[in-house]
Student: 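Mind looking over this structure? Questions follow.
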Amino acid sequence: MDYNKKTVEDIEVSGKRVLVRCDFNVPMNGDEIADDKRIVGALPTIKYLVAKGARVILCSHMGRPKGEFNMKYSLAPVAKRLSEYLGKEVVLANDVIGEDAHAKAAALKDGDVMLLENVRFHKEEEKNDPEFSKNLASLAEIFVNDAFGTAHRAHASTAGVADYLPAVCGYLIQKEISIMGTALENPSRPFVAILGGAKVSDKIGVINHLIDKVDTLVIGGAMAYTFNKARGHKIGTSLCEDDKLELASELLEKARSRGVKVLLPVDNHVGDRYAPDCDDRFVDSADIPDGYMGLDIGPATVILFGYAIKGAGTVVWNGPMGVSEWDKFAQGTIGVATAVAESNAVSIIGGGDSAAAIEKLGFADKMTHISTGGGASLEFLEGLELPGIACLQDKE
Ligand code: AMP
């Protein structure tokens, strides 16, 4: 998908009421924000709008309040943290489209910032209900979407409001689409995609789309065993999607016919059961013993994958190489993360577990880009249209 969307800089915002969809779905620890990266990520767009004298109306979801006002999911802690970062009060409305929201929006002066309550307090949000969208849109004169994490969802606050307002993207979304778009359409080569994680079925779309674009496809994680079994390897009790064996063979053939190199594990760190304290050993990937399951890639595979990564011009990575939540089986993911960090490639991490591993290792600043949306980046890499971006105005 080649997006060329208008940004906040392409529209006159001074003195206008601007509804900004952010991703303030921050992890909470009781009443405390456990990690405010998403709030920090939203600041450039908000600060730009404030500096231009816009009247800023922020909105977001948090958690799963299931369409009801449940103050456990209130955005009050976010309003407080935003006030601290912006050095000015961010007023929180008591509701989303109710009297309080409308009154507070009407009272905004140039450069003021307010935050609506959690948009998912209304079930109409996720249903993309037109009446709800219209009401939400009536608070403002311009819509800015800056929530990449929900851009793959057609909800009222991510796409529906764009039916009623001129709509552009904020800096966060613009960065996501420009970096990932360039990687897909005009990558520095060789272009290496590293895919891991639990299921082949989750990544079929991505593999299919990337096979036409990459030079090398690196497959690790649990999904590698389906491919290795399809190649005739003995995989013991490793996770395997038997109904996807044929498809795995077809994908390998498709890659071969296009001249795309596919790298699969050559050795594995296996355990006798799915538990961190299992009896473990390192074995050849072609011959995993009966009663043992692959829980990580082995050291020879780390070297093999690392070699491809080292010579890459662009690396896109989505999904861990093993059960990286357990230290014992995190070595493969750590090895790949280290190789990506040490390479000179344009490196793009597609959110989720691989991003968590990179951050835990302190490699975040060595990456070109860590996507702020796991699901959204996966759909982007799949070449799917993201409703929260498709609804925005194209640049002329
Ligand atoms: P995904 O959400 O598809 O990126 O998958 C991430 C999950 O895959 C993590 O929770 C990992 O524990 C899991 N995973 C990766 N490799 C394996 C494996 N070899 N066996 C079982 N689970 C795995």
Side-chain angles (χ1 to χ4, degrees), residues 149 152 193-210 217-231 233-242 244 247-248 251 263-289 291-302 305 315-337 340 348-361 370-382:
H152 58 317
I194 310 168
L195 297 175
K199 289 185 180 167
V200 180
S201 43
D202 288 347
K203 310 269 159 93
I204 291 167
V206 182
I207 297 174
N208 244 327
H209 190 60
L210 291 182
L217 188 60
V218 173
I219 301 178
M223 56 191 249
Y225 306 105
T226 303
F227 283 93
N228 270 345
K229 186 169 176 183
R231 297 199 298 166
H233 287 12
K234 267 186 65 198
I235 62 161
T237 51
S238 305
L239 278 186
C240 178
E241 288 165 88
D242 282 320
K244 297 287 178 296
L247 179 82
L251 288 171
L263 298 182
L264 282 156
V266 291
D267 65 339
N268 283 107
H269 191 184
V270 300
D272 64 345
R273 68 211 143 83
Y274 185 74
D277 59 347
C278 60
D279 174 44
D280 65 314
R281 51 174 92 170
F282 291 92
V283 301
D284 192 312
S285 298
D287 202 10
I288 297 178
Y292 280 82
M293 58 172 68
L295 295 170
D296 195 9
I297 57 173
T301 306
V302 170
F305 289 3
V315 174
V316 169
W317 180 16
N318 187 296
M321 296 291 102
V323 187
S324 56
E325 301 92 319
W326 301 337
D327 286 349
K328 197 177 189 173
F329 296 104
Q331 290 310 313
T333 302
I334 291 173
V336 166
V340 178
I348 300 172
I349 313 301
D353 292 290
S354 16
I358 297 266
E359 267 150 26
K360 199 168 148 192
L361 290 165
I370 299 182
S371 177
T372 52
S377 71
L378 209 56
E379 293 200 14
F380 195 97
L381 297 176
E382 237 175 300

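As the structure lists them, so they are numbered: ligands from 1, and atoms in each ligand from 1. Bear in mind the structure is a predicted one, so any value in this text is a computation, not a measurement.
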Student: Tell me: protein heavy atom nearest atom 8 (O) of ligand 1, and distance?
Tutor: Ala198 N, 3.3 Å
Student: Flag the pair Val315 / Ile194 as yes when at least one side-chain heavy-atom distance between them is below 4.5 Å, and no otherwise.
Tutor: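 When only atoms from C-beta onward are counted, Ile194 and Val315 do touch, with a gap below 4.5 Å.
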Student: With no hydrogens and no angle check, is any side-chain donor or acceptor of Asp267 less than 3.5 Å from a backbone partner on Ala300?
Tutor: yes
Student: With Trp317 as reference, evaluate Val218, Val336, Ile348 under the side-chain contact (heavy atoms from CB on, under 4.5 Å) test and give the passing residue.
Tutor: Val336
Student: For ligand 1, note which part of Val323 has a heavy atom under 4.0 Å away: side chain, backbone, both or neither.
Tutor: both
Student: Does Asp242 come within less than 4.0 Å of Lys229, counting only side-chain N to carboxylate O?
Tutor: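 Between Lys229 and Asp242 there is a salt bridge, with a charged N closer than 4.0 Å to a carboxylate O.
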Student: Are any non-hydrogen side-chain atoms of Asn268 and Pro265 less than 4.5 angstrom apart?
Tutor: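 Yes; the side chains approach each other to less than 4.5 Å.
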Student: Show the atoms of ligand 1 that are less than 4.0 angstrom away from any heavy atom in Pro320.
Tutor: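 Reading through ligand 1 atom by atom, the close ones are 4 (O), 6 (C).
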Student: Please list, in number order, the atoms of ligand 1 under 4.0 Å from a heavy atom of Gly221.
Tutor: 16 (N)
Student: Just need the protein heavy atom nearest to atom 15 (C) of ligand 1, so name the residue and atom and give the distance.
Tutor: Gly322 O, 3.2 Å
Student: Taking distance alone, with no angle check, do Ala222 and ligand 1 share an N/O pair under 3.5 Å?
Tutor: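 Indeed, backbone or side chain, Ala222 has an N or O that close.
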Student: Any idea which atoms of ligand 1 are less than 4.0 Å away from a heavy-atom of Tyr225?
Tutor: 19 (N)
Student: Who gets closest to atom 2 (O) of ligand 1 by heavy atom: Leu195, Asp353, Leu239?
Tutor: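 Answer by nearest heavy atom: Asp353.
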Student: Does the separation of the ring centres of Tyr274 and Trp326 fall below 6.0 angstrom?
Tutor: yes
Student: Would you say Glu325 has any N or O atom under 3.5 Å from an N or O of ligand 1, going by distance alone?
Tutor: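 Right, the criterion is met.
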Student: Quick one about His269 and Asp280 (side-chain donor to acceptor, distance below 3.5 Å, no hydrogens or angles considered), yes or no?
Tutor: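 Result is yes, a qualifying pair exists.
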Student: Going by the atom numbers of ligand 1, which of them fall below 4.0 Å from some non-hydrogen atom of Gly294?
Tutor: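 Ligand 1 atoms under the 4.0 Å threshold to Gly294: 18 (C), 19 (N), 20 (N).
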Student: Does Lys203 have a non-hydrogen atom less than 4.0 Å from ligand 1?
Tutor: yes
Student: Could you check whether any side-chain heavy atom of Leu195 comes within less than 4.5 Å of a side-chain heavy atom of Met223, counting everything from C-beta outward?
Tutor: yes
